[in-house]
J.: 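Have a look at this one.
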Amino acid sequence: NLISLDEELFEIDIDKFTELIRKAKKAKSKGNSKYAIRYLNDAITLYQSDFLEEDLYNKAISHKRDNLRQQYTGVMFQLAALYETKGALKKAEDLYKKIIASDPFAEPAHQKLMINYANRGKNSEAIQTYLKYENALRDELDTDPDDVTRSVYERLRDINWIGTTFSWLCYHIPDSNLILKLGNRKLACNINQSQPTEAMNIYHRFQKIFILNIGLEPNYKYKKSISD
């Protein structure tokens, strides 16, 4: 009887949970992100634990538990995406970390967390996220991150290296032609990351260095890209 009662109580919560998801979807479709965020947060609060998690051998219960867990993970992804559109990147970060805490091998969550960090200028944290995930995959599953995750990491690693190298060159070798090449690449990275203000600041700094020390202008196509 206790098990039956537990199931009945869970069913009531499940109905509330799925109804909140439905309401969030409807609010989002109408462009009402405020209510969508509220409903998704309520759904996350309601989901206290997995469905009858102590019952490991009943296939029907296991199937239902897995389905609900997937919905719960989906709710966190949806809420994180809404937060990001609102500029609440730290709240989105917390959700991606929550997903990873419940499933350390949730690759999309690692990808999203890396991009979240990068969009806030936290490239080192993004790189560390990748390296930690890569080590866990190799140790536990004897495999590597997929190509998409690795490409995100490699791009962030290159941006980090370019920034560090360029800063060193500007300080130690202000008349080096390498500054021209690295400078243009750094400008391109900032443009691609949708940081036009930072890119323009870099351009003006380069322009002064180039004219005074090299007699060259930075590559005009990057200035045009920024201006556009």
J.: Verify side-chain hydrogen bond (donor to acceptor under 3.5 Å, both in side chains) between Ser33 and Lys86, making sure each step is shown before the conclusion.
T.: CA-CA 9 Å; Ser33 59; Lys86 295 290 185 181; 2.9 Å; yes

J.: Do Lys16 and Glu19 sit within salt-bridge range, that is, some charged N less than 4.0 Å from a carboxylate O?
T.: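 Looking at Lys16 and Glu19, the cut-off is not met.
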
J.: Hey, are Thr149 and Asp146 close enough side-chain-wise for a donor-acceptor pair under 3.5 Å?
T.: yes

J.: To the nearest 0.5 angstrom, please state how far the CD atom of Glu84 sits from the CD1 atom of Ile115.
T.: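 Glu84 atom CD to Ile115 atom CD1 measures 8.5 Å (nearest 0.5 Å).
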
J.: Are Leu46 and Leu20 packed together at the side-chain level, in the sense that at least one heavy-atom pair is separated by less than 4.5 angstrom?
T.: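 Yes, their side chains come closer than 4.5 Å.
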
J.: Could you go step by step and tell me if Thr73 and Asp103 meet the side chain to side chain contact (heavy atoms under 4.5 Å, CB included) rule?
T.: CA-CA 9 Å; Thr73 300; Asp103 180 4; over 6 Å; no

J.: Please give me the minimum heavy-atom distance between Ala43 and Val75, naming the atom from each residue.
T.: CB-CG1, 4.3 Å

J.: For atom NZ of Lys91, decide whether the heavy atoms of other residues, nucleotides or ligands shown that lie under 6.0 angstrom number more than 12.
T.: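 No.
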
J.: Apply side chain to side chain contact (heavy atoms under 4.5 Å, CB included) to Tyr39 and Ile21, showing your working.
T.: CA-CA 7 Å; Tyr39 293 137; Ile21 295 174; over 6 Å; no

J.: Could you check whether any side-chain heavy atom of Lys26 comes within less than 4.5 Å of a side-chain heavy atom of Asn32, counting everything from C-beta outward?
T.: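 No; the side chains remain at least 4.5 Å from each other.
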
J.: At what distance, to the nearest 0.5 angstrom, does CG of Leu68 lie from CD1 of Ile14?
T.: 4.5 Å

J.: If you round to the nearest 0.5 Å, how far is CD of Glu93 from CG of Asn119?
T.: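 Rounded to the nearest 0.5 Å, the CG-CD separation comes out at 12.0 Å.
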
J.: May I ask you to decide if the ring planes of Tyr96 and Phe77 are parallel, tilted or perpendicular, using 30° and 60° as cut-offs?
T.: tilted

J.: Same cluster for Ile127 and Leu89 if Ile/Leu/Val/Met/Phe/Trp/Tyr side chains link at under 4.5 Å?
T.: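 No, Ile127 and Leu89 fall in different hydrophobic clusters.
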
J.: Check step by step if side chain to side chain contact (heavy atoms under 4.5 Å, CB included) holds for Tyr130 and His110.
T.: CA-CA 7 Å; Tyr130 173 84; His110 286 87; over 6 Å; no

J.: When you compare the side chain of Arg120 with that of Glu125, does any pair of heavy atoms fall below 4.5 Å?
T.: no

J.: Parallel, tilted or perpendicular: which fits the ring planes of Tyr47 and Tyr72, with parallel below 30° and perpendicular above 60°?
T.: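 Ring orientation of Tyr47 relative to Tyr72: parallel.
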
J.: When rounded to the nearest 0.5 angstrom, what is the spacing between CG in Asn135 and CD in Glu140?
T.: 11.0 Å

J.: Do the side chain of Asn116 and the main chain of Lys112 share a donor and acceptor less than 3.5 angstrom apart?
T.: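 No, Asn116 side chain to Lys112 backbone: no donor-acceptor pair under 3.5 Å.
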
J.: In the single-linkage hydrophobic clustering (I, L, V, M, F, W, Y; side-chain heavy atoms under 4.5 Å), do Tyr35 and Phe17 co-cluster?
T.: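 Yes; tracing contacts between hydrophobic side chains, which count when under 4.5 Å, links both residues.
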
J.: Looking only at non-hydrogen atoms, find the nearest pair between Ala36 and Ala24 and report the distance.
T.: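 Taking Ala36 first and Ala24 second, the nearest heavy atoms are CB-O, 3.7 Å.
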
J.: Report the distance from atom CG of Asp147 to atom CD of Glu154, rounding to the nearest 0.5 Å.
T.: 9.0 Å

J.: Quick check for you: to the nearest 0.5 Å, what is the distance between Leu95 atom CG and Met76 atom CE?
T.: 7.0 Å

J.: Is Arg150 salt-bridged to Glu134, cutoff N-O under 4.0 Å?
T.: yes

J.: Parallel, tilted or perpendicular, judged at 30° and 60°: which one describes the rings of Tyr133 and Phe105?
T.: tilted

J.: Could you walk me through whether Asp42 and Arg38 satisfy the salt bridge (Lys or Arg N to Asp or Glu O under 4.0 Å) test, starting with their C-alpha distance in whole Å, then the side-chain angles of each, then the deciding distance to 0.1 Å, before giving a yes or no?
T.: CA-CA 6 Å; Asp42 287 347; Arg38 179 186 297 179; 6.0 Å; no

J.: If you apply the rule side chain to side chain contact (heavy atoms under 4.5 Å, CB included), what do you find for Arg138 with Asp144, and how did you get there?
T.: CA-CA 6 Å; Arg138 289 176 176 176; Asp144 290 311; 2.5 Å; yes

J.: Heavy atoms only: give me the nearest Ile100-Ala109 pair and the separation to one decimal.
T.: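 Result for this residue pair: CG1-CB, 3.7 Å.
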
J.: With a 4.5 Å limit on heavy-atom distance, are the side chains of Asp142 and Leu137 in contact?
T.: no

